[in-house]
Amino acid sequence: MSATRRLFFALEIPAAIQQQILHWRAQQFPQETGRPVAAANLHMTLAFLGEVGSKKQQALTTLAGRIRQPGFALTLDDAGHWPRSRVVWLGTRRAPRGLLQLASLLRAQAERSGCPQGTRPFHPHVTLWRHAQSLVKLPAPGFSWRWEVENFALYESLFEQGRTRYRALERWPLTQ
Ligand code: 3AM
């Protein structure tokens with residue numbers, strides 16, 4: 001059997017915003033909130049693909065490369081806690097149409113290529129903490145990070161020396 005990789009499509013967060021989020025998180029949450037996600041690992045998942053062999057990866061990247069849609073502005077101005085998955089996240093109060101369209105297309109392509117997408121609706125979020133405590137006091141509203149999303153990426157999830165690391169393998173521009 002050939003080797004597989006753990007893959008997902010996601011939006012990158014600009015490095016400067018990753019740093020600002022890290023700074024804000026340290027001010028807003030106590031350390032015991034959970035396991036903090038490293039700055040470089042902050043991302044917004046669009047479609048989780050799971051363990052994928054090279055043939056399926058090729059099929060998925062060919063389809064991704066055919067996507068034609070313009071970029072969009074994304075604002076992170078919401079936060080939440082999912083106690084069941086023990087995740088604390090940043091999100092957006094108003095998901096741009098382009099974001100929903102892109103995720104929907106990638107998820108449909110993934111499903112058709114043999115990567116089941118489950119039944120839960122897409123909830124755009126950036127995971128801030130994993131293994132969160134059962135009670136988390138969320139920051140007061142008023143925070144906001146906004147940027148122009150100009151591309152999306154295929155990421156590989158690696159587990160090295162006891163740590164998870166995400167690596168962008170390929171990027172596609174959002175242009176019509
Ligand atoms: O950090 P977020 O929530 O964006 O939770 C995993 C992470 O998402 C998610 O894929 C992203 C990269 O690892 N993930 C992991 N296993 C998953 C699964 N079986 C999954 N999403 C859906 N189904």
Side-chain angles (χ1 to χ4, degrees), residues 3-15 17-22 24-25 28-29 33-53 56-57 60-61 63-64 72 74-93 95-96 98-134 136 138-139 143 145 147 149 151-172 174:
T4 60
R5 288 168 154 182
R6 191 173 174 85
L7 301 177
F8 59 100
F9 287 109
L11 299 182
E12 293 172 283
I13 314 280
I17 294 182
Q18 287 178 330
Q19 291 303 327
Q20 289 169 22
I21 292 173
L22 221 70
W24 170 85
R25 183 178 65 187
Q28 298 288 331
F29 293 90
T33 298
R35 189 182 300 170
V37 174
N41 277 357
L42 293 172
H43 67 277
M44 180 176 279
T45 301
L46 298 166
F48 178 72
L49 304 170
E51 293 292 329
V52 174
K56 201 184 273 187
Q57 180 180 341
L60 286 158
T61 56
L63 289 171
F72 48 85
L74 182 58
T75 305
L76 296 178
D77 57 359
D78 195 16
H81 175 211
W82 290 328
R84 275 181 65 181
S85 49
R86 300 182 64 198
V87 157
V88 178
W89 49 267
L90 272 179
T92 178
R93 288 164 193 254
L99 168 64
L100 300 179
Q101 189 178 309
L102 179 61
S104 161
L105 199 49
L106 287 169
R107 286 159 62 94
Q109 290 178 345
E111 183 82 44
R112 283 202 303 275
S113 305
C115 302
Q117 294 302 295
T119 51
R120 274 194 240 157
F122 173 63
H123 184 123
H125 67 279
V126 176
T127 297
L128 286 179
W129 298 92
R130 296 191 189 280
H131 306 285
Q133 291 176 325
S134 51
V136 175
L138 293 171
F143 54 90
W145 295 275
W147 74 100
V149 176
N151 55 44
F152 66 98
L154 178 70
Y155 274 91
E156 177 176 16
S157 172
L158 299 156
F159 192 69
E160 296 169 333
Q161 292 158 357
R163 285 167 190 248
T164 298
R165 183 168 75 84
Y166 302 135
R167 183 167 75 103
L169 297 178
E170 206 170 337
R171 295 179 179 83
W172 294 270
L174 288 169

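Computed from a predicted structure; not experimentally measured. The figures that follow rest on heavy atoms only: side chains count, while hydrogens, waters and symmetry mates do not. When a ligand or atom number is given, it counts from 1 through the structure's own listing order.
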Considering Phe48, Trp89, Phe8 one by one, which has a heavy atom nearer to atom 15 (C) of ligand 1 than any of the others? Phe48

Starting from atom 3 (O) of ligand 1, what is the nearest protein heavy atom, named by residue and atom, and what distance separates them? His125 NE2, 2.7 Å

Please check whether His43 reaches ligand 1 - meaning an N/O of the residue sits under 3.5 Å from an N/O of the ligand, judged on distance alone. yes

Arg25 side chain to Trp129 backbone, donor-acceptor under 3.5 Å: no

Using a 4.0 Å heavy-atom threshold (strictly under), name the region of Tyr155 that reaches ligand 1: side chain, backbone, both or neither. neither

Just to confirm my output: which protein heavy-atom neighbour is closest to atom 13 (O) of ligand 1, and how far is it? Tyr166 OH, 3.7 Å

for atom 2 (P) of ligand 1, nearest protein heavy atom and its distance come out as Thr127 OG1, 3.4 Å

Backbone N/O of Arg93 and side chain of Asp78: donor-acceptor pair under 3.5 Å: no

Heavy atom of Arg130 under 4.0 Å from ligand 1? yes

For Arg171, enumerate each residue passing the salt bridge (charged side-chain N to carboxylate O under 4.0 Å, His left out) test, keeping only those at least two apart in sequence or located in another chain. Glu12

Which word best sums up how the rings of Phe29 and Trp24 line up, parallel for under 30°, tilted for 30 to 60°, or perpendicular for over 60°? perpendicular

Show the atoms of ligand 1 that are less than 4.0 angstrom away from any heavy atom in Arg6. 15 (C), 16 (N)

With distance as the sole test, does Thr92 use its side chain to make a donor-acceptor pair with the main-chain N or O of Thr75 at under 3.5 Å? yes

May I ask you to identify the nearest protein heavy atom to atom 11 (C) of ligand 1, giving residue, atom name and distance to one decimal place in Å? Thr45 OG1, 3.6 Å

Does anything in residues 155-164 form a side-chain hydrogen bond (donor to acceptor under 3.5 Å, both in side chains)? List the pairs, not counting sequence neighbours. Glu156-Arg167, Glu160-Arg165

Flag, side chain of Glu111 to backbone of Gln117, donor-acceptor distance under 3.5 Å: yes

Looking at atom 17 (C) of ligand 1, tell me if a protein heavy atom falls under 4.0 Å from it. yes

